[in-house]
Asker: 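I have a structure here, written as structure tokens, and I will follow up with some questions on it.
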2 protein chains.
Amino acid sequence: MAVFIGTFENKVDQKGRVSVPAVFRQTLAGLSFNGIVAFRSHRADAIEGCGMDFMEQMIARVSEIDLFSETHDDLATTIFSDSQQLPFDGTGRIMLPQGFRDHAGITDRAAFVGMGQLFQIWHPDALERHKAEARDRARSQRLTIPTGGGGAR
Amino acid sequence: MAVFIGTFENKVDQKGRVSVPAVFRQTLAGLSFNGIVAFRSHRADAIEGCGMDFMEQMIARVSEIDLFSETHDDLATTIFSDSQQLPFDGTGRIMLPQGFRDHAGITDRAAFVGMGQLFQIWHPDALERHKAEARDRARSQRLTIPTGGGGAR
DNA sequence: TTGACACCCATGAAATCCCATGATATCCCA
DNA sequence: TGGGATATCATGGGATTTCATGGGTGTCAA
């Protein structure tokens, strides 16, 4: 099972390269594509990242939605058409395309955030704000983890 | 099932390393990640610890929520972004990151407290105070543990 | 020919490995 | 059941590796 946990801030060099955190690289190791799959988040000023295995899962899930429905098309267009395969170089870095950097407002620093089965890439300051907001919402709405069974376990 | 009970105080050396109690290590043995997963407790000045199996459960449950929904993102961000994987070295020690030490006020000693399926890491003195308070509350409110039968589960 | 990009090497800081030590707990046999 | 032999454990510190980062060079295509 893919596990992305933690927050890591790395530098973006003049060529637009960033090191993907070593722990993330390890969970991505051994997949059919040696790198990450990334696309613009449509909800936030961030880049979504995952491994090729997860992308395959998403394709499978989306294909369960009625083909030719508006939802299907919108999802497919937003996510799949925008996705890019970003291969690792010899030292575990990826090239963040300019379009992605623009979308997330990333210039010389990038923050990788584990989201469980996928991760996001943010401008470090924007991420801090987002984290605080997410925490507040989670608390005020008393969000809890769904349990597998009936009640508390 | 993971079981963490008891209290153990160990030293934090100059490199920031602490031995995880051997009994805890045994219940953590054989998981997909050889180490602990830790995050700041939002209720106390302590670090929460668990095994990767626990985190995988959390991920599985969060992933039951619609992907890219606000609820999913808020939960995932809140839970996973501030967690860290802390691997064991050859002798069963972990490196306590500075941020965690700051949060818990830990300098040269750390107390590991079993909490059932999780454990906590405290500054020994803070833990003593906390234990006394918890005992008092439990006594004055006559707290009970729900049984599996009639009531909550 | 001029970017964009893949590949290569170098570097310092930080994390990890490895070995040694003493203390404690456990085992085993009388 | 006592007590010595043996293993386990926590701890310390030096050596080694990993990691993030910087820059150079070659190659391909516009």
Asker: With a 4.5 Å cut-off on side-chain heavy atoms, are B:R93 and B:D13 touching?
Answerer: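 Yes, their side chains come closer than 4.5 Å.
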Asker: Rounded to the nearest Å, what distance is computed from the CG atom of residue B:L96 to the P atom of nucleotide C:dT16?
Answerer: 12 Å
Asker: Are side-chain N/O atoms of B:S32 and B:E56 paired as donor and acceptor at under 3.5 Å?
Answerer: yes
Asker: In whole angstrom, give the distance that lies between atom CD of B:Q85 and atom P of C:dA15.
Answerer: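 Roughly 15 Å, once rounded to whole Å.
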Asker: How far does CD1 of B:I65 sit from CG of B:L75, to the nearest 0.5 angstrom?
Answerer: 5.0 Å
Asker: Heavy atoms only, 4.0 Å cut-off, all strands: where does A:P87 land among base, sugar-phosphate and nothing?
Answerer: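 If one applies the 4.0 Å heavy-atom cut-off, A:P87 turns out to touch nothing in the nucleic acid.
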Asker: Mind checking the CD-CE spacing from B:E48 to B:M115? Nearest 0.5 Å is all I need.
Answerer: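 So the CD of B:E48 and the CE of B:M115 are separated by 6.5 Å.
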Asker: For B:E9 and D:dC9, what is the distance between atoms CD and C1' respectively, to the nearest whole Å?
Answerer: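 My rounded result for the distance is 16 Å.
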Asker: Considering non-hydrogen atoms only, spot the tightest contact between A:L86 and A:I94 and give its length.
Answerer: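 Between these two residues, the closest heavy atoms are O-CG2, 3.5 Å.
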Asker: Out of curiosity, A:D74 CG to A:I79 CD1, how far, rounded to the nearest 0.5 Å?
Answerer: 10.5 Å
Asker: Applying the ring pair (Phe, Tyr, Trp, His ring centres under 6.0 Å) test to A:F4, which of A:F112, A:F54, A:F24 qualifies?
Answerer: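 Of the listed options, the one satisfying the test is A:F24.
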Asker: How many whole angstroms separate atom CZ of B:F8 from atom P of C:dT24?
Answerer: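 In whole Å, C:dT24 P lies 16 Å from B:F8 CZ.
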Asker: Just so I know, are the side chains of A:T91 and A:S19 near enough to count as touching, which here means a heavy-atom distance under 4.5 Å?
Answerer: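 SC-SC contact between A:T91 and A:S19 ruled out.
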Asker: Flag the pair A:R135 and B:D82 as a salt bridge only when some basic side-chain nitrogen lies within less than 4.0 angstrom of an acidic carboxylate oxygen.
Answerer: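 Looking at A:R135 and B:D82, the cut-off is met.
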Asker: Using a cut-off of 4.0 Å between protein heavy atoms and nucleotide atoms, how would you tag nucleotides 7-14 of chain C 5' to 3' with B, S and -?
Answerer: BB------
Asker: Just how large is the angle between the end axes of the helix from C:dT1-D:dA30 to C:dA30-D:dT1, five pairs per end, to 10 degrees?
Answerer: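 If I round to tens, the end axes sit 50° apart.
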Asker: If you only use heavy atoms from C-beta on, which nucleotide in D:dC19, D:dT21, D:dA10 is closest to the side chain of B:R25?
Answerer: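 The answer is D:dA10.
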Asker: Base, sugar-phosphate, or nothing: which does B:Q26 touch, judged by heavy atoms less than 4.0 Å apart?
Answerer: sugar-phosphate
Asker: Can you check the A:Q14 CD to C:dA4 C1' distance for me, whole Å?
Answerer: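 Rounded to the whole Å, the gap is 15 Å.
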Asker: In this structure, how many angstroms lie between the C1' atom of C:dT16 and the CG atom of B:N34, rounded?
Answerer: 13 Å
Asker: Could you measure the distance from the CE atom of A:M1 to the CG atom of A:D53? Nearest 0.5 Å is fine.
Answerer: 11.0 Å
Asker: Can you list, in residue-number order, the parts of residues 100-116 of chain A that come under 4.0 Å of DNA chain C, counting heavy atoms only?
Answerer: none
Asker: Around A:Q98, counting heavy atoms of other residues, nucleotides and ligands shown, do more than 12 lie under 6.0 Å from its CD?
Answerer: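 Count over threshold, so yes.
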